[in-house]
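One structure is given below, encoded as structure tokens.
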Amino acid sequence: MKKNKRWFMFISLMLVCVLLISACSGEDGATPSTDAPGEDVKEVRDEIKVRINSDPDFLDPHLATASISFQMILNMFEGLLSPNTDGSLKPAIAESFELSDDGLTYTFNIRDNVTFHNGEPVTVEDIQYTFERLMGTNSGEPLSSNFDKVASMEAPDADTFVITLTEPNTNFLYSLTALEAAIVPASNDDQHNDNPIGTGPFKFVSYSPGVDLVLEKNEDYWNAELPHLNKVTFAFQSDDQSALMALQAGEYDLTSVPAHRIPEVENDFKLEYQQNNSSLIITFNEENKPFDDVKVRQAVNFALSKSDIIDSVYSGYATELGSNMSPAMGKFYLEGLQDTYVNDIEKAKELLAEAGYPDGFKTKLTVSSHNVMYTNVAQVAAENLKQIGIDVEIDVVEWGIWLDRVYRGRDYEMTAIDLTGRPSAYDILNDYISTNDAENFFRFNNAEFDQVMADVLLEPDVEKQVALYQRAQEILAEEAAAVYIADYQVVWAMDSALEGFNMYPFFFLDMSELRFTE
Amino acid sequence: MQSPQVNKEPSTKALEDQLLEVNGLKTNFYIGKGKVVQAVDDVSFSIRKGETVALVGESGSGKSITSLSIIRLIPSPPGKIVEGSIRLEGKELLTLSEDEMCKVRGNDIGMIFQEPMTSLDPVFTIGNQIAESLMKHKKLKKSAAYKEAIELLKIVGFARAEEVIKEYPHQLSGGMRQRVMIAIAMSCNPKLLIADEPTTALDVTVQAQILNLMVEMKDKFQSSILLITHDMGVVAEVADRVLVMYGGQIVEEAPVRDLFIDTMHPYTTALLKSIPNIDVDLKRLDSILGTAPPAHDFPRGCRFAARCKHVMEKCLEENPTLVEIKPNHKVRCHLYEHQGGLYSE
Amino acid sequence: MNERDKLLEIKNLKKYFPNKAVPFKSKASQVKAVDGVSFDVFKGETLGIVGESGSGKSTLGRTILRLLDPTDGEIIFEGNNLEKLSNRQLHRYRKHMQMVFQDPFASLNPRMRVKDLVGEPLALQKTLSKAEQAKQVLDIVEKVGLTKGSLSKFPHEFSGGQRQRIGIARVLSMNPKLIIADEPVSALDVSVQSQVLNLMMDLQDEFKLTYLFISHDLSVVKHISDRVGVMYLGRIVEIGPKSNIYVNPLHPYTQALLSSIPVANFDVKKEKIQLEGEPPSTSNPPPGCTFHTRCPHAFDRCKIERPELVEQSTGQYVACHLYNAETTNDESSKNDKNSILVV
Amino acid sequence: MAYIIRRIILLIVTMALVSLITFAVFQVMPGDPIRIMLGPDADEVQIETLTKKLGLDQPLHIQYFDWVGGLLTGDLGQSIRFSKPVSELVIDRLPVTISLTIMTLTLVVLVAIPLGIFVAKRKNKLSDVVFSSVTQLGMAIPSFWLGMLLILYLGMNFSFFSVSGYVPWSTSIVGALGALLLPAMTIAIPQIAVKFRYVRNAILEQLQLDYVRTVRSKGITEKFVMYKHVLRNSMIPILTIFGLITAEVVAGTIIVEQVFALPGIGQLLITSISYRDFPLVQGIVIYITFVVVFINFLVDILYSILDPRIRLS
């Protein structure tokens, strides 16, 4: 019958369409997950699939700023120096360096056998190119303000690179890690984002937006023992629930797990608890009433129960804080500040009355919706504050709006946010708070604090630096610059055969020493 | 399908030339809430070979259900043939399996319906719909079936039959569609053609053509016709014998001439008088008062009693039986019972 | 006959519809449902309009009532040209002309009780007290043969014939002068059909009504009408007194139509005029006389020239070249006759 | 021909309207794409440089007209969030969403139609009633929850199913099926639960029609009546419904792609909106509009294939 023929034509047409479409999808992409546990018998696995919450903002290390990006791309890039797991620095592309007595001139001795992923050796010209690009020397488009105080750079010979500053800065070395100044080849100009090339233990294979970032072993890595893995796939999945299921189904080897879901995975997977050096805070717009009054801020500090928040939001997997600084920062951390404001409602009421608010007041707590953590914190805080008569309205906004209104516009009364960990104690304390920092969205204004932070940059002696940093922490606590609640832990669940998982006091998933043992 | 209770007693007129014998047919519709519509109630009649029998009645009288019962196409549920016997050339149809019945439909019995506009499948070509029957019953190959379909279309009066087989129903007028229906019904030389109000939806000029065609076809294929209609004019022109139905029962059965000239049943009389006749000038029409009783709630007595001019006490108590008053003239009325003895056994 | 009072005059009425099936085409593809129809309706008479499906008889009724806007032509009611009336005046005249439909159920609001259906027009236009109104409603309802008990029932509780009675009662309550009945009995069973026909005739006598009775059923039309007009493809091909039309039909179409009706007459077998084929489509009518494609007497002229209605015997007009062959010699007299189309 | 031209004009007008509406929404939506992308850790200097470089310092209406200008030359612009051409991003994800859509539709058609026929044949019998109750349930299930259930019961127990991510057909057909089947089921099941009812009703409606009686009177067996005549005729109303569900399925993919981490258009759309990636949002919106209008067009063509009354008028 003729109609059958027409139907047949239609169906075949559809089939051809499907085939064409699938053919177009072609080329690369992940291999099917045939490597489910138990399927392979003898060979030790050398490929890993790591779940990451979202895409990197840029692959170009100079453009990237989101901590999530560095979590991945630090595996591809190195600076002259590298951060250590304890927050100190270690040599990387620079084998060693010397600092002149006036604290202005840094002389770096460049390692010999370092090559870029494209096979080219790292030259002092590349280093020069890297810094000029960051400073916008040639393009007029600066990508970092870290090098504003650089007086000059020179390369007296092929193995030496010299940077001279206009004034001493004891924190300057932290600007030389891959987080701030990854060394990239001059030959790759304009392509750093599309085809990132660095010197790190892994090299770039492919990036599919929304899908994954694939890296493979850099066979010519200057440290011949590393890395162990052949291939690393960072797969993007924003949904914790789905990620957990994928982990259980054997599709992911490593993922973070929300604290309250730990019981579901603790038997089958290896867990690591990362003290990640970020501080969850509730802070205020301190320029306006009522939070311009230190007594009000202190009252809020007394009224809020850190343990309530830690228990309900982090299931206990968090450490109470007294300032920005977390115990993850070792010697820089001042122990004991967390007890400055022990939950005390009466005291809080007293302070509020002294400040002229015996009956409390109404205020608004604006939080971003992109992570439930903030909303949860806000709810506990609102309950706590009700006890002293502060009536808190919680305003949940989109991340983009939070950034626009709270962070940039400073048009808010209270907010809850976590400040990302940095390897540098200076950055931790200075960012967002110091009046000379453009990101001071608290509008915190304290002359002594600013002075201490200025002094520390000029102080060559590390012990004295520590003392100054600790004083700064005290000031933040005394002045109740914010309610410093906790450094919450990131809980990593991974295949139990994995070993060599390094944890840093900032977001970095170091793949270089990771390996499967069986 | 559960086979209905079959009357085992042999037909009283088991004559050689009987084509269809319907005996004690009873079809009910179960319309919920325990209501039972006795759409066809104890209907018996027969059709001889080559004969045209008209089944006359108003809407709801059960004439269409009778015809659908014969080819067992009562919508079921809610309808069900509960009793009776239907024999086609002596073969009982009610006990056939559905598969066997399918071999009877379209092959031994062809059917034409009232609504030519909607009775054809709109998405298949005319050719396809005629050939479907031929391929099923005559086991013809597709090409042969189409060839035959063209022949049939020519017989029913399509000059351009070759084109028409490729056309769809919506491209044809009502009269042409009814011709197609006839072609389909006649495609396998059926012994019986059931025509259910075949011309009601057609214009007068076309109606005449279709009636003529049916008669021609009957002669050509030597079939019998069961013509269901409400149009007394059509009956007079086409039928040999007439069955008048009222309230699910046959109330009068007579040769066509007898029925018109020697009308017996008060209903038939009233019916004939209530129709404006083109040849007779009447100042006023006789009309039957009231309306037919609801089929789910018939009165105990005669079903026409409430509207009858000659109603007697007995009519309200007892439903009369169909009695042969004159040769081949039967009537279901108490008025005639006293003279009934002659022909009723 | 000129002294008789004309209630309604229709002059060269046309109603064309755009043919939606053929896009992007000119006027040529219009459906000429009513194509130049002229006739008069006299007070107190019944004019029957017969025709097959597609002849335009229903469209004619609706256009006269201005349910459809005429494409061309005049509708003159009691001497007033409806075309020239303002909307308000038109509204007033419309009350004098009412329509009874084939399917009364479709035109009765299923959620209204009979008393409201019938009483609604009364409540709208008259200054009657509630009690008077109720009495009048009951009067009308009883006039059409329904019981008092039916007043509080809904339309679906009635049979087809009773619904048609309600429809008629509703129309009657408007106290119209002209009732256009469009196939009022064709959906009814024969026994009920005669009841409704009798009712309509009784009411006509009692209320001095004028009917324009549209039907495809020649027997019914003959029974109820005083005069009959026969339509074919949007045109009136013959019009005249019932006795003339039925006894001595002139137009070949009328003849064929009448001979096609099956009748119960066993003594005299009528000679049948069997027409070939079916009426052509109104969207593409044949040129000249639209009947020439099926006419047994058609000759060349029929294919070219449209015949006009010409009086053949008293009050009987026919549009057929067979009869006005002689008038072609006398152009002036023909034109004269055309200018006075109707008696 | 005139019909096709009218269709194309309709398509263009719809796309223009949708893009204008998107533009208007973006006008009033606060949020700076660069800041959202870089987060609070960004260096102000860097933000300034990037903003200027991407032309985001221009007022939105200038950006819009630039985008329209690009569109006229076939350039959908550059995504802000992903620093890639929008067309490339969309094309990369097309296979996923289209495969998912076709698979879902196939599932719906393959299950809903036979199920509808099955139930229609058993009108008012027990199975009909049972399936009707299932319909109620099906309408109440949120698709993300159903997705989770499927992952838990099927994904966890059968290694064939992938619960996260996508495998291109070219890499492994089995892998692709495994990756798409659960998400397709997630969208399809509620659709089936609702739509088989329509199929049932369409068939029952057809069974009432006169032509069915004619076919039966020809002695055609019930199987043929159903599958040749009734089904073919029912396809016309059924097709209307399936034309409508295509839009619902495309909408369904947006949520399901999140749950199953499928890199499809839906996922891209959500990302692009939350990142205020104006060119990308516009590109996707244009694409989705095109698909929906195109499918309606396809449905119309199918109509005319199925229904000679449309084809030949």
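Proteins come first, then strands; the chains are lettered A, B, ... in the order of their sequence lines, and each starts at number 1.
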Quiz item: Could you name the residues of residues 133-141 of chain A that have a heavy atom within less than 4.5 Å of a heavy atom in chain D?
Solution: A:Glu141

With a 4.5 Å heavy-atom cut-off, do [X] and [Y] have their side chains touching?
X        : Y        : answer
A:Ser54  : D:Tyr275 : yes
A:Pro209 : D:Arg81  : no
D:Thr49  : A:Pro142 : yes

Heavy-atom cut-off 4.5 Å, strictly under: side chain, backbone, both or neither for [X] against chain D?
X        : value
A:His62  : backbone
A:Arg51  : neither
A:Asp404 : side chain
A:Ala64  : backbone
A:Leu63  : both

Only pairs of heavy atoms separated by less than 4.5 Å count here; which of [options] has the most with chain D?
options                      : answer
A:Gly210, A:Ala66, A:Ser69   : A:Gly210
A:Asn193, A:Leu419, A:Ile401 : A:Ile401
A:Tyr432, A:Trp402, A:Phe236 : A:Tyr432

Quiz prompt | Contacting moiety of D:Lys84, where chain A heavy atoms sit under 4.5 Å | solution = side chain

Quiz prompt | Engaged part of D:Arg276 at the chain A interface, taking heavy atoms whose separation is under 4.5 Å | solution = side chain

Between [X] and [Y], what is the shortest heavy-atom contact and its length?
X        : Y        : value
A:Glu398 : D:Ser274 : OE2-CA, 3.7 Å
A:Asp194 : D:Ser83  : OD1-O, 4.3 Å
A:Val211 : D:Pro263 : CG2-CB, 2.8 Å

Quiz item: In Å, rounded to the nearest 0.5 Å, how long is the span from CG of D:Leu50 to CZ of A:Phe58?
Solution: 4.5 Å

